[in-house]
Amino acid sequence: MPTVLSAILASSPACSAEDVDFAHAIVPILKTHCSKCHAGQQKEGGLSINTREDLIVGGDSGSPVEIGRHLSSEFFRRINSQEDGYRMPPDGDGLTQEQIALIGKWIDQGAKWESGYTFAPRTYEPPLKPRRPELPPVQSLSLIHI
């Protein structure tokens, strides 16, 4: 008997044959449900999602993502679980079945991540380059005699 998740995977336009759009589909899910505890300076359980490399390396429990194998990925199992103390995120409603399916498909497609994207705050701003402003030419005023 098919599960609700497999029905969503089969029928959802977000989960069609095309590649999952990291910037528009995955980033909002990670921001909303994961960044509070795993982005920026936060590393609950030693896990940071600031970069793809951080996510793949994982935290205290090892790597949460097995590239190409969502069913074997701890990340997928935790977002799909209903077990208190295991499910992620631990508070709130959690992810929808469509979001879970999207994460699964993203993992199966290689957990692609746009180059240079990070959840970490930018800490370096290059100094302004000195420049010489160009002023408009000075126009002479002619005196009007009455």
Side-chain angles (χ1 to χ4, degrees), residues 1-140:
M1 170 150 214
T3 66
V4 173
L5 186 57
S6 62
I8 289 172
L9 277 168
S11 65
S12 172
C15 292
S16 63
E18 62 191 49
D19 285 346
V20 174
D21 182 345
F22 173 74
H24 298 99
I26 301 302
V27 168
I29 296 170
L30 296 178
K31 263 187 189 175
T32 301
H33 297 284
C34 308
S35 66
K36 178 181 174 188
C37 298
H38 301 288
Q41 298 300 317
Q42 302 300 316
K43 290 184 178 184
E44 290 291 323
L47 176 63
S48 170
I49 63 164
N50 284 340
T51 64
R52 181 180 191 271
E53 292 75 23
D54 289 339
L55 176 65
I56 302 303
V57 168
D60 299 343
S61 301
S63 178
V65 176
E66 285 192 38
I67 301 299
R69 300 179 57 194
H70 79 274
L71 292 175
S72 300
S73 295
E74 183 72 11
F75 178 42
F76 183 81
R77 288 195 301 262
R78 284 181 175 256
I79 63 172
N80 197 36
S81 176
Q82 296 304 314
E83 184 182 328
D84 287 339
Y86 183 74
R87 179 183 76 110
M88 290 292 146
D91 301 319
D93 293 333
L95 281 68
T96 66
Q97 288 297 307
E98 186 175 57
Q99 290 171 322
I100 293 168
L102 206 50
I103 293 286
K105 184 175 180 190
W106 175 67
I107 292 170
D108 286 346
Q109 291 180 350
K112 296 173 187 164
W113 192 289
E114 293 194 18
S115 179
Y117 183 81
T118 180
F119 284 99
R122 293 184 179 233
T123 57
Y124 174 78
E125 287 292 325
L128 293 175
K129 185 176 179 179
R131 61 187 174 111
R132 185 173 202 101
E134 288 188 35
L135 300 174
V138 177
Q139 296 183 7
S140 64

Undergrad: How would you list all residue pairs meeting salt bridge (charged side-chain N to carboxylate O under 4.0 Å, His left out) that involve residues 55-75, not counting sequence neighbours?
TA: Glu66-Arg69, Glu74-Arg77, Glu74-Arg78

Undergrad: Any side-chain heavy-atom pair from Lys129 and Pro127 closer than 4.5 angstrom?
TA: no

Undergrad: Where do Val20 and Ala25 come nearest, in terms of heavy atoms and distance?
TA: CG1-CB, 4.2 Å

Undergrad: Has the side chain of Asn50 got a donor or acceptor atom that lies under 3.5 Å from a matching backbone atom of Gly40?
TA: yes

Undergrad: Starting at NE2 of His70, measure out to CD1 of Ile100 and round the result to the nearest 0.5 Å.
TA: 10.5 Å

Undergrad: Is the ring pair Tyr117/Phe119 parallel, tilted or perpendicular, if the boundaries are 30 and 60 degrees?
TA: perpendicular

Undergrad: How many angstroms lie between CD1 in Ile67 and OG in Ser72, if you round to the nearest 0.5 Å?
TA: 12.0 Å

Undergrad: Is the shortest heavy-atom distance from the side chain of Val65 to the side chain of Leu55 under 4.5 Å?
TA: yes

Undergrad: So do the side chains of Phe22 and Lys112 get within less than 4.5 Å of each other, counting heavy atoms only?
TA: no

Undergrad: Donor-acceptor pair, Thr118 side chain versus Ala120 backbone, under 3.5 Å?
TA: yes

Undergrad: Atom OG of Ser81 and atom CZ of Arg87: how far apart are they, to the nearest 0.5 Å?
TA: 8.0 Å

Undergrad: Evaluate the side-chain proximity of Trp106 to Phe76: yes if any heavy-atom separation is below 4.5 Å, no if none is.
TA: no

Undergrad: Can you name the nearest heavy-atom pair linking Gln109 to Asp19, along with the distance?
TA: OE1-CA, 3.3 Å

Undergrad: Walk me through it: do Ile49 and Asp54 pass the test side chain to side chain contact (heavy atoms under 4.5 Å, CB included)?
TA: CA-CA 6 Å; Ile49 63 164; Asp54 289 339; over 6 Å; no

Undergrad: Only pairs at least two apart or in different chains count here, so list each side chain to side chain donor-acceptor pair (under 3.5 Å) that has a residue in residues 28-43.
TA: none

Undergrad: Given Ile29, which partner from the list Ile79, Thr96, Leu102 fulfils the side-chain contact (heavy atoms from CB on, under 4.5 Å) test?
TA: Leu102

Undergrad: I need the minimum non-hydrogen distance between Pro64 and Ile56, along with the two atoms involved.
TA: CD-O, 4.4 Å

